[in-house]
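Working notes for the structure below.
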Amino acid sequence: MVQIICLTFILLTMITDNIVSCQHNTPIQFPLINMLLKSAAPNYTPLFPGDPFDFLRDSFPLPNGLKNPLSEYDYIIVGAGSAGCVLAARLSEDPTVTVLLLEPGRPENFLTGVPSIAPYFQRTEYTWPYYMEPQPGVCLGMINKRCFWPRGRAVGGTGSINYMIYTRGRPEEWNRIAAAGNYGWSYEEVLKYYKKSERANLGGLENSPYRGRGGEMDIQFVNFRTPLVEAFLEAGRILGSPTVDYNSPEQLGFGYVQTNTRSGKRVSSARAFLRPNKKRSNLHIVPLATVTKVLIKKRSKTAYGVEYVKNHLKKKVTARREVILSAGPIASPQLLMLSGVGPKEHLKSFGIPVIQDLPVGKTLYDHITYPGLIFTVNVTGISMNENRDGNIQNVLDWLQFGDNVVASPGGVEAIGYIKTPLSNPQDQIPDIELISIGASLVADGGPTGSKAVRRGMMISEDIFNKAYGTIDNTDSWSVFPMLLHPRSVGYLELKDSNPFSYPRMYGNYLTHPIDVATLIASIRYAQALIATPPFQRYGMKLHKAQFPTCRGIQYDSDEYWECAIRTITATLHHQIATCRMGPARDPQAVVDPELRVHGINHLRVADSSILPRTVSVHTHAPAVMIGEKAADLIKYTWS
Ligand SMILES: Cc1cc2nc3c(=O)[nH]c(=O)nc-3n(C[C@H](O)[C@H](O)[C@H](O)COP(=O)(O)OP(=O)(O)OC[C@H]3O[C@@H](n4cnc5c(N)ncnc54)[C@H](O)[C@@H]3O)c2cc1C
Ligand SMILES: *[C@@H]1O[C@H](CO)[C@@H](O)[C@H](O)[C@H]1NC(C)=O
């Protein structure tokens with residue numbers, strides 16, 4: 001009931017704001033999100049006393065009227081992200097152990113549940129506003145030529161602000177990870193954990209042996225589709241890619257997007273795993289608490305607790321059994337290094353006493369894309385568009401049924417895996433994922449709209465207008481090619497020894513020529529795709545983007561596409577491998593195949609940072625799987 005009153009309040013606010021804004025001729029489709037966007041990270045301060053969002057937030061009060069967390073727990077989990085939430089839920093299943101979960105962000109609110117506005121959270125209080133270090137020759141069309149690397153800061157982590165695309169990777173990819181000495185990580189073995197979390201409700205896949213049905217994380221198709229997605233699947237079939245369940249091991253192909261949603265609403269890890277267990281007296285969740293250091297006994301090299309800051313006060317809490325870092329691929333390596341675990345010389349240069357010399361942060365892979373392939377169509381109203389779709393009636397219908405455009409995960413409708421001519425003909429490992437979007441960068445409202453998507457990517461306004469101004473706010477379709485297995489490898493370092501500084505992140509994007517060639521091959525594939533009858537039915541044409549950075553280069557030459565890719569180089573936010581997993585003999589490994597930090601007792605890392613190499617995935621589902629598996633490994637150790 002309270003919820004209904006709150007929603008009514010929100011909707012009334014939206015309606016009144018809309019009326020007001022119409023009068024002033026500045027239509028703002030989502031005034032509330034706009035307010036959120038203004039409450040800029042990193043230091044959120046309410047816009048005015050009695051921040052209206054507070055009472056719409058989820059909350060995790062300590063049980064039994066406790067005012068403060070205890071001074072000691074069996075397990076301390078650092079970070080309530082995709083992996084940390086499931087780990088906390090599984091470990092606290094045993095009522096005889098105590099679990100503390102520390103998270104710098106806030107609980108989710110009503111808005112984070114709305115899939116269509118996923119792109120709107122990238123510059124809000126729910127994100128860490130990280131930037132990649134400047135790299136010449138990439139992100140040339142981004143503001144200040146910097147690539148933006150936002151990550152989630154919330155109870156729910158990056159899974160609270162992501163696009164909800166659910167993917168698992170190919171069997172060969174997991175099997176080669178296992179073959180490198182990572183026992184327990186073969187496809188068969190990880191499949192068990194994928195299925196454990198999953199509550200699949202996917203029409204047509206009711207009998208699939210690869211899908212889980214008894215878990216807590218709902219996986220569903222999106223109940224809203226534009227006709228353009230049918231064209232994508234049909235065109236794929238014409239070019240030899242069958243329509244499949246891409247999360248089944250059998251075949252490469254295309255398929256409707258599967259998302260971690262329930263009835264058109266986001267199901268983050270917090271929602272799936274923490275919410276139902278709020279009342280457990282042995283699970284203590286503390287938001288707005290930032291861990292600054294893992295406490296490690298120098299002599300015995302044993303982790304025994306953490307230091308954290310809450311309300312500007314420094315606190316200490318000890319762990320009887322283990323500390324587990326689930327702070328994600330940027331903060332987990334940062335915390336290790338701040339605590340004396342990392343490259344020796346690097347730590348010494350900041351005066352950090354070295355406890356264990358390990359290659360923390362030395363490897364960093366990411367998935368990049370070129371989001372600028374925008375195709376115009378000759379049918380009005382066929383694609384998604386903020387101005388047309390962001391209205392109160394749609395929001396009300398979505399609240400009730402969850403089956404309209406508001407349920408679309410930022411416009412993503414299908415994905416497909418392909419092998420370009422540059423991939424290895426000997427294997428069945430794709431080198432490109434295509435993401436079919438029933439909209440594009442120009443669908444976020446145009447000059448008078450929110451511009452949330454282009455702003456979320458931090459594309460320079462001038463370059464955007466020169467390249468896309470003439471088609472802004474018109475109907476369009478778009479395909480994002482994601483480079484699955486980049487040869488270019490990045491790394492990460494501390495900036496200084498202050499835990500509130502952000503590390504220095506180096507993507508080293510496109511430093512290997514094969515990466516450039518593969519992306520160009522994927523653009524050629526996209527061109528072939530839209531030349532097929534299913535797309536030509538809509539008179540589809542690739543918009544000729546005129547980038548000032550590419551002046552003088554012949555349009556549609558390989559050189560032009562390389563320039564375009566280097567101009568709007570965008571990440572899909574799958575940074576991994578900064579706390580790489582590998583056996584002791586592996587000189588690049590930070591954690592062992594049981595996720596224990598090499599050389600340190602009672603300390604594990606359980607999040608996407610342990611992935612040793614790229615997999616054909618968006619990394620949320622793997623992070624959840626890693627959390628599941630970590631829970632079993634830990635339970636086994638202490639049983
Ligand atoms: C915009 C965007 C869209 C994406 N879309 C998709 C998608 O559609 N599908 C998909 O599969 N993946 C997607 N991803 C990637 C995916 O969401 C992440 O890879 C995944 O959530 C990572 O999980 P994690 O558990 O490793 O880390 P996270 O979920 O990032 O969790 C880390 C947590 O640790 C907390 N933390 C940080 N520092 C500290 C500290 N000092 N002390 C305590 N806690 C700390 C953070 O606040 C955070 O809550 C997207 C990512 C972004 C940014
Ligand atoms: C769109 O273009 C195609 C191909 O030229 C044509 O067959 C179709 O009739 C056009 N549709 C409209 C609505 O103009």
Side-chain angles (χ1 to χ4, degrees), residues 76-87 101-106 115 118-123 126-128 130 148-169 257-260 266 268-270 286-294 306-310 325-332 334-335 338 366-367 376-380 382 409-410 412 415 435 456-457 482 499-500 502-503 533 535-541 570-576 578-579 605-611 617-627 630:
I76 299 171
I77 302 171
V78 179
S82 301
C85 292
V86 59
L87 177 59
L101 179 59
L102 296 167
E103 166 58 48
R106 295 163 184 275
Y120 296 63
F121 292 109
Q122 300 191 20
R123 289 164 70 192
Y126 286 98
T127 53
W128 297 93
Y130 295 135
F148 185 43
W149 281 16
R151 302 220 32 113
R153 170 171 50 189
V155 178
T158 307
S160 298
I161 60 142
N162 76 2
Y163 278 51
M164 295 151 277
I165 300 169
Y166 179 86
T167 49
R168 295 169 167 181
V257 70
Q258 303 175 8
T259 51
N260 46 292
R266 180 194 298 274
S268 68
S269 266
V286 183
L288 298 172
T290 306
V291 172
T292 51
K293 192 180 183 180
V294 182
V306 302
E307 276 176 9
Y308 69 97
V309 171
K310 182 162 170 78
L325 294 179
S326 297
I330 310 299
S332 285
Q334 183 189 18
L335 279 169
L338 291 172
D366 194 7
H367 282 152
T376 54
V377 291
N378 65 359
V379 184
T380 314
I382 198 172
V412 175
I415 64 180
I435 304 172
M457 288 188 182
M482 168 162 118
F500 292 94
Y502 301 150
F535 276 127
Q536 281 315 306
R537 233 175 273 146
Y538 304 112
M540 199 166 284
K541 281 200 190 71
T571 175
L572 284 150
H573 318 279
H574 302 165
Q575 293 93 9
I576 57 160
T578 49
C579 300
V605 181
D607 59 32
S608 56
S609 70
I610 65 102
L611 286 170
V617 285
H618 298 247
T619 39
H620 168 78
V624 173
M625 178 274 285
I626 290 163

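All figures in this text were calculated on a predicted structure; none of them were measured in a lab. Remember, it's 1-based here, ligands and their atoms both numbered in the order they're listed.
Of the listed options Pro104, Gly156, Pro409, Pro104 places a heavy atom closest to atom 45 (C) of ligand 1. One option in Asp607, Asn162, Val155 has a heavy atom closer to atom 50 (C) of ligand 1 than any other, and that option is Asn162.
Here is the list of ligand 1 atoms found below 4.0 Å of a heavy atom in Ala331: 37 (C), 38 (N). Listed by number with element, the atoms of ligand 1 under 4.0 Å from a non-hydrogen atom of Ala83 are 25 (O). Distances below 4.0 Å separate heavy atoms of Val78 from the following atoms of ligand 1: 42 (N), 43 (C). Near Gln122, with a cut-off below 4.0 Å to any heavy atom, the atoms of ligand 1 are 1 (C). Annotation for ligand 1: atoms under 4.0 Å from non-hydrogen atoms of Leu102 are 43 (C), 44 (N). Counting the atoms of ligand 1 from 1 in the order shown, those under 4.0 Å from a heavy atom of Gly152 are 46 (C), 47 (O), 48 (C), 49 (O). Below 4.0 Å from some heavy atom of Pro150 lie the following atoms of ligand 1, by number and element: 53 (C). In the vicinity of Gly157, heavy-atom distances shorter than 4.0 Å reach the ligand 1 atoms 29 (O), 48 (C), 49 (O).
In this structure, atom 2 (C) of ligand 1 lies nearest to the protein heavy atom His573 CD2, 3.4 Å. Residue, atom and distance of the protein heavy atom nearest to atom 9 (N) of ligand 1 are Ile165 O, 2.8 Å.
Near ligand 2, Asn378, Gln536, Arg537, Gly539 each place a heavy atom less than 4.0 angstrom from the ligand.
Looking at Met164 against ligand 1, only its backbone comes within 4.0 Å, counting heavy atoms.
Within the 4.0 Å heavy-atom shell around ligand 1 one finds Trp128. The shortest heavy-atom distance from Ala154 to ligand 1 is under 4.0 Å.
The N/O atoms of Val291, backbone and side chain alike, include one that comes under 3.5 Å of an N/O atom in ligand 1.
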